[in-house]
Amino acid sequence: QKEVEQDPGPLSVPEGAIVSLNCTYSNSAFQYFMWYRQYSRKGPELLMYTYSSGNKEDGRFTAQVDKSSKYISLFIRDSQPSDSATYLCAIERTDKLIFGTGTRLQVFP
Amino acid sequence: NAGVTQTPKFRVLKTGQSMTLLCAQDMNHEYMYWYRQDPGMGLRLIHYSVGEGTTAKGEVPDGYNVSRLKKQNFLLGLESAAPSQTSVYFCASSQVKGRELKTDTQYFGPGTRLTVL
């Protein structure tokens with residue numbers, strides 16, 4: 001079983017839609033969870049991180065962790081064409097990050 | 001600050017050739033990483049370093065070697081390139097975690113696209 005699983009998509013939504021991106025993980029000991037965004041032909045950049053369970057909001061983005069289900073989510077409200085990118089979840093394990101495979105999101109006007 | 005830079009941006013090799021990818025960071029970070037990214041496989045850690053003069057194996061180290069002679073540089077070497085090493089290679093760096101820095105935020109370079117024929 002992979003430590004982090006992520007649906008690769010692609011996910012195609014109209015502008016203004018609410019987007020939900022999800023990952024599952026296997027080890028309940030993980031505590032730090034991150035979302036990276038990667039535009040085409042660019043390196044990933046940190047979007048948000050959360051610690052343990054709960055929600056964290058930053059503008060149109062909300063990261064959510066459900067430790068009981070080992071499920072992490074990223075919600076994007078009022079999605080924009082500029083949000084079109086690949087979103088990678090990541091989990092910290094002993095000074096290293098374990099990445100999901102990434103979900104490709106396309107927001108069309 | 002330039003952040004994390006990688007050279008070259010593109011390279012085509014023939015099977016059996018060797019090459020070195022250079023990563024440089026100007027953020028005085030202790031930790032540096034080399035990843036490869038392949039379709040459907042996500043980012044996989046090749047090697048990493050927790051400080052100058054140190055290196056360690058990641059998830060997929062076979063066929064690669066690394067060196068960290070200077071804190072700001074991390075080199076990835078392919079001694080005898082194989083078609084299976086065709087990939088996009090990313091370097092990243094991060095600071096040592098302390099009381100105020102609770103997460104391993106990694107800063108990535110722009111990537112090197114390598115094709116091995």
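Computed from a predicted model, the values in this text were never measured in an experiment. Chain naming here is simple, since letters A, B, ... match the order of the sequence lines and numbering starts at 1 in each.
- Contacts between A:P8 and chain B at a heavy-atom distance below 4.5 Å are absent for every atom of the residue.
- The neighbour count for A:E15 CD, taken as heavy atoms of other residues, nucleotides or ligands under 6.0 Å away, is above 12.
- Between B:Q106 and A:Y36, the shortest heavy-atom contact is N-OH, 2.9 Å.
- For B:Q37, the part sitting under 4.5 Å from any heavy atom of chain A is the side chain, from C-beta outward, and nothing else.
- Qualifying side-chain contact (heavy atoms from CB on, under 4.5 Å) partners for B:A56, counting only residues two or more places apart in sequence or in other chains: B:Y48.
- Within residues 71-80 of chain A, no residue has a heavy atom under 4.5 Å from a heavy atom of chain B.
- Few gaps surround CZ on B:R44; more than 12 heavy atoms of other groups in view lie less than 6.0 Å from it.
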Verdict with reasoning, B:Y35 to A:L97, per side-chain contact (heavy atoms from CB on, under 4.5 Å): CA-CA 11 Å; B:Y35 294 91; A:L97 295 183; 4.2 Å; yes
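- Counting heavy atoms from C-beta outward, B:F90 and A:Q38 have side chains that approach closer than 4.5 Å.
- Contact annotation for A:Q31: neither backbone nor side-chain heavy atoms come within less than 4.5 Å of a heavy atom of chain B.
- Judged by distance alone, the side chain of B:Y31 and the main-chain N or O of A:K96 form no donor-acceptor pair under 3.5 Å.
- Residue B:M41 qualifies as open at atom CE: its count of foreign heavy atoms under 6.0 Å is 12 or below.
- What you find for A:T101 and B:G40 is that their closest heavy atoms are CG2-O, 3.6 Å.
- Under the 4.5 Å side-chain criterion, counting only non-hydrogen atoms from C-beta, B:R113 is in contact with A:R41.
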